[in-house]
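Taking it in order: structure first as structure tokens, then the write-up.
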Amino acid sequence: MMEMLFEGRKQSEIARELGRDKGTISRELKRNSSLEYKKYLSHRAHERADKRRSKASQRDRLRDEDVRRYLKEKLILGWSPELIAGRIKTEYPGSSVSHEAIYQYIYNSKTPDREELIKCLVRAHRKRKKKEIGRKQKRTKIPDRVSIEERPESVETRKEIGHWEGDSVVSRKSKEALNSLAERKSRLVFITKLPRKGAKETRDAVIRRLKDLPEHARRTLTLDNGTENTRHKEITEAIGTR
């Protein structure tokens with residue numbers, strides 16, 4: 001549409017070209033044109049539309065004055081948002097406020113006494129921290145690890161056999177694990193069941209699977225970073241790969 005406007009075409013022509021009503025084109029120009037320069041630029045119009053849509057979806061939290069007063073009183077007494085959300089249904093029948101809505105109200109920049117309310121929380125973080133999904137896992141750097149970026153170009157082309165990739169399949173519900181080795185050109189896959197998901201078990205499985213293959217069938221080996229503490233150098237030396 002911007003190009004057609006620059007060409008000096010009328011709104012009715014643009015509407016026919018785009019298969020839209022003339023009123024739709026007119027509203028778009030009024031809403032998203034620059035007020036200062038009276039020009040319509042597509043990228044600026046998109047930004048204005050996104051900003052307006054985002055603002056429209058933001059609802060005021062806790063609009064009931066009695067609920068807000070009750071919230072402040074209980075926070076000062078040391079109540080948590082979770083406890084307040086549970087009790088408010090009894091104190092104000094017909095009202096239902098989630099603890100998440102209370103947190104959003106407290107941390108909203110437009111909330112009166114925002115700083116005071118934050119200090120009433122148990123942790124009292126000045127900025128609300130996002131919840132982490134899942135548990136944190138400490139990543140251990142593999143000794144003598146070779147970056148995947150340093151692999152020969154021939155590995156990526158899949159024109160010759162002998163380039164292997166190793167991965168681990170683990171479960172939180174079992175000590176046992178699976179080790180998989182896939183050859184990139186032939187797509188041959190070796191899967192080995194491990195008694196436990198340990199570095200020694202992984203190392204032994206990889207060596208046992210690859211050491212008896214012809215030399216041209218074991219050129220390089222790439223192991224996943226999830227195989228903690230697996231000694232990549234020790235394995236490659238044992239089976240004669242890079």
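These numbers were taken from a predicted model, which means no experiment stands behind them. These values consider heavy atoms only, across backbone and side chains, with no hydrogens, waters or symmetry-generated copies.
- With respect to K200 and D204, a salt bridge is recorded, a charged nitrogen being found less than 4.0 Å from a carboxylate O.
- From N32, atom CG reaches atom CD of E47 across 10.5 Å, with rounding to the nearest 0.5 Å.
- Side-chain contact check for I207 versus I235: some heavy-atom pair is nearer than 4.5 Å.
- For the pair L181 and L221, the minimum side-chain heavy-atom distance is below 4.5 Å.
- Here the side chains of W164 and T222 are not in contact, with every heavy-atom distance at 4.5 Å or above.
- One N or O on the side chain of T202 and one on the backbone of G198 form a donor-acceptor pair closer than 3.5 Å.
- In this structure E91 satisfies the side-chain hydrogen bond (donor to acceptor under 3.5 Å, both in side chains) test together with R87, sequence neighbours excluded.
- Tracing side-chain contacts under 4.5 Å through hydrophobic residues (I, L, V, M, F, W, Y), one reaches I88 starting from L117; they form part of the same cluster.
- Residues W79 and V67 share a single hydrophobic cluster, defined by chaining ILVMFWY side chains whose heavy atoms lie under 4.5 Å apart.
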Would you sort out whether R27 and K30 count as a side chain to side chain contact (heavy atoms under 4.5 Å, CB included), showing the intermediate values? CA-CA 5 Å; R27 285 193 299 273; K30 288 179 180 179; 5.7 Å; no
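- Atoms CZ and OG1, from R218 and T220 in turn, are 12.5 Å apart once rounded to the nearest 0.5 Å.
- Summarising the geometry of S109 relative to R114, their closest heavy-atom pair is CA-CD, 3.9 Å, with the distance given to 0.1 Å.
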Would you sort out whether L18 and M4 count as a side chain to side chain contact (heavy atoms under 4.5 Å, CB included), showing the intermediate values? CA-CA 11 Å; L18 299 178; M4 288 185 278; 3.8 Å; yes
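- Rounding to the nearest 0.5 Å gives a distance of 11.0 Å between CZ of R208 and CZ of R203.
- With sequence neighbours excluded, no residue forms a side-chain hydrogen bond (donor to acceptor under 3.5 Å, both in side chains) with S98.
- In E215, the CD atom is not crowded: 12 or fewer heavy atoms of neighbouring residues, nucleotides or ligands sit closer than 6.0 Å.
- Qualifying side-chain hydrogen bond (donor to acceptor under 3.5 Å, both in side chains) partners for Q11, counting only residues two or more places apart in sequence or in other chains: none.
- More than 12 heavy atoms of other residues, nucleotides or ligands sit less than 6.0 Å from atom CZ of R158.
- When every heavy atom of L75 is checked against every heavy atom of C120, the shortest pair comes out as O-CB, 3.4 Å.
- Of all the heavy atoms in E28 and A45, the pair that sits closest is OE2-CB, 4.0 Å.
- For S171 against K197, the heavy-atom pair with the smallest separation is O-NZ, 3.0 Å.
- Residues meeting the ring-ring contact (aromatic ring centres under 6.0 Å, His included) test with Y70, sequence neighbours left out: Y92.
- Separating the CG atom in L77 from the CD atom in E73 is a distance of 7.5 Å, to the nearest 0.5 Å.
- Partners of R69 by side-chain hydrogen bond (donor to acceptor under 3.5 Å, both in side chains), not counting sequence neighbours, listed by chain and number: D66.
- Using a 4.5 Å cut-off on side-chain heavy atoms (C-beta onward), K72 and E116 make contact.
- Closest heavy-atom contact between I84 and I102: CG2-CD1, 3.9 Å.
- Checking side-chain atoms of R196 against main-chain N and O of E201 turns up no donor-acceptor pair under 3.5 Å.
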Please tabulate, for the side chains in residues 185-192, all donor-acceptor contacts under 3.5 angstrom to protein atoms that are two or more places apart in sequence or on a different chain.
unit_1: S186; atom_1: OG; unit_2: E183; atom_2: OE1; d: 2.7
unit_1: S186; atom_1: OG; unit_2: L188; atom_2: N; d: 3.3
unit_1: R187; atom_1: NH1; unit_2: R184; atom_2: O; d: 2.6
unit_1: T192; atom_1: OG1; unit_2: R209; atom_2: NE; d: 2.9

Would E17 and R9 count as a side chain to side chain contact (heavy atoms under 4.5 Å, CB included) here? Give the steps. CA-CA 11 Å; E17 185 75 22; R9 300 171 68 173; 3.5 Å; yes
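- Note: the hydrophobic cluster containing V170 does not contain L223 (ILVMFWY, side chain heavy atoms under 4.5 Å, direct or indirect links).
- Looking only at side-chain heavy atoms (C-beta outward), Y103 and L121 come within less than 4.5 Å of each other.
- Closest non-hydrogen pair, T111 versus I106, comes out as CB-O, 4.4 Å.
- At most 12 heavy atoms of other shown residues, nucleotides or ligands fall within 6.0 angstrom of atom CZ in R44.
- Between the S33 side chain and the L29 main chain, a donor and an acceptor come within less than 3.5 Å of each other.
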Between R68 and Y105, is the side chain to side chain contact (heavy atoms under 4.5 Å, CB included) condition met? List the steps. CA-CA 9 Å; R68 291 200 299 268; Y105 172 77; 3.0 Å; yes
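- No single ILVMFWY cluster, assembled from side-chain heavy atoms under 4.5 Å apart, contains both I118 and V122.
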